[in-house]
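Residue numbering restarts at 1 for every chain, and letters A, B, ... go by the order of the sequence lines.
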2 protein chains.
Amino acid sequence: MSANSRLTIAAHALAWIGLYQRQGHEVATSEQIATSANTNPVVIRRLLGELRRAGLVESRRGVGAGWSLARELESMTLLDVYEAVEPGPLFAMHRTTPDQGCVVGYGIQPAMQGIYEGIEETLRHELARVTLENVLRDVLAAPR
Amino acid sequence: MSANSRLTIAAHALAWIGLYQRQGHEVATSEQIATSANTNPVVIRRLLGELRRAGLVESRRGVGAGWSLARELESMTLLDVYEAVEPGPLFAMHRTTPDQGCVVGYGIQPAMQGIYEGIEETLRHELARVTLENVLRDVLAAPR
DNA sequence: GCATGTTGCAACCTTCGCTGTTACGACTGG
DNA sequence: CCAGTCGTAACAGCGAAGGTTGCAACATGC
């Protein structure tokens, strides 16, 4: 599976904003987050833009602008983040329609569809069990 | 997540070989399977080669050559197939090391690693619950 | 009202993995 | 020896994602 770091970076950004706000700051800039994540500010803005559409963060413009949480970290789960930044299904069907004249070619897609749906439902359930507060706690618990 | 059809095609190929053998044939050719899956025989050979390394199928060369199952479909699970054809982890870390001088940058990777491992374990458990016999049954159960 | 700092967003390049395709050697049964 | 099939390398095409640059939009302070 072509591994995708979008969920990781998004969690990183949310944890960073959350911690920064607890230290008394109002807003965090994409520049600061990008430095922590060692990437480009535009990448962060793109990701946070998707999180904003999902109602997880807010942004201000102008001088003293930046990003802030729209909800408490306790009320955000990895599922919220996952659905905000990962569009498609986990497993894909054939890129071209299989031979509908063949018994297997005809039945394989509905069969796999049903199986995959169950598995993705379980995945979503697991993601929903982890809040961003859990993530931040784990981050701060890392041994020096 | 960039969706990947490898697991789907591999399951298709195994179901096809299994059904073909039940119809009294000894071996299936990559050409036949490719026709059913509407793709190129080389793609099938590559995938089946990985399944052979995992001990799920066997191949013969020479005249009358082709592929056969190494085990019964009942004893193969989607987890076996998944591990044979999907190399990496489901979720990736940052492509570049985050800022180790930042608390979040320092702790984020171990934190996410632990979370992801739990989730992937659950995913593997779900995949292990589905046998290729289940898949073939679902395939044949598709309404006409 | 102007300077400043930041977001919003488009455009483009690079990289990477997968698929598709061609080609050809290796192998084996007849 | 011939024919059919696997085994595998090589390469092109595609799409997703990240990285980068550039610039307009915006809000705040002076």
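Taking the side chain as every heavy atom from C-beta outward, Leu78(A) and Val130(A) approach each other to under 4.5 Å.
With hydrogens and angles disregarded, no donor-acceptor distance shorter than 3.5 Å links the side chain of Gln109(B) to the backbone of Met93(B). In terms of modelled atom types and a separation under 3.5 Å, the side chain of Arg6(A) and the main chain of Val85(A) share a donor-acceptor contact.
Applying a 4.0 Å cut-off to non-hydrogen atoms, the residues of residues 49-73 of chain B that approach DNA chain D are Arg52(B), Ser59(B), Arg60(B), Arg61(B), Gly62(B), Val63(B), Ala65(B), Gly66(B), Trp67(B), listed by residue number.
Evaluation of the side-chain contact (heavy atoms from CB on, under 4.5 Å) rule for Gln23(A) yields Leu19(A), Tyr20(A), His25(A) as partners, not counting sequence neighbours.
One finds a side-chain N or O of Asn4(B) lying less than 4.0 angstrom from the OP1 or OP2 phosphate oxygen of dC18(C). Dashed line: the shortest gap from a side-chain N or O of Ser5(A) to OP1 or OP2 of dA17(D) is not under 4.0 Å. At dT7(C), one or more side-chain N or O atoms of Ser30(A) fall inside 4.0 Å of OP1 or OP2 (strictly under the cut-off). Proximity of Asn40(A) to the phosphate of dG18(D): no side-chain N or O atom is located under 4.0 Å from OP1 or OP2.
No hydrogens or angles were tested; on distance alone, a donor-acceptor pair under 3.5 Å links the side chain of Arg46(A) to the base of dG19(D). Not a single donor-acceptor contact under 3.5 angstrom links the side-chain atoms of Arg95(B) to the base of dG18(D).
Between Glu50(A) and Arg53(A) there is no salt bridge, since no side-chain nitrogen of the basic residue lies less than 4.0 Å from a carboxylate oxygen of the acidic one.
Residue Leu47(B) contributes atom CG, which lies 15 Å from atom C1' of dC6(D) at whole-angstrom precision. Put simply, NE2 on His94(A) is 15 Å from C1' on dG20(C), counting in whole angstrom units. One atom, CD1 of Ile44(A), and another, P of dT6(C), lie 15 Å apart when rounded to the nearest Å. In this entry the distance linking CD of Glu26(B) with P of dT28(C) reads 17 Å, nearest Å. Distance Arg45(B) CZ to dG25(C) C1': 12 Å, rounded to the nearest Å.
Side-chain proximity of Val43(A) to dC9(C), dC18(C), dG19(D): nearest is dG19(D). In this structure, the nucleotide among dT19(C), dC9(C), dG19(D) sitting nearest to the side chain of Val42(A) is dC9(C).
Residues Tyr82(A) and Thr77(A) have side chains that never bring a donor and an acceptor to within less than 3.5 angstrom of each other. Using modelled atom types, one finds no donor on one side chain facing an acceptor on the other under 3.5 Å when comparing Thr39(B) with His94(A).
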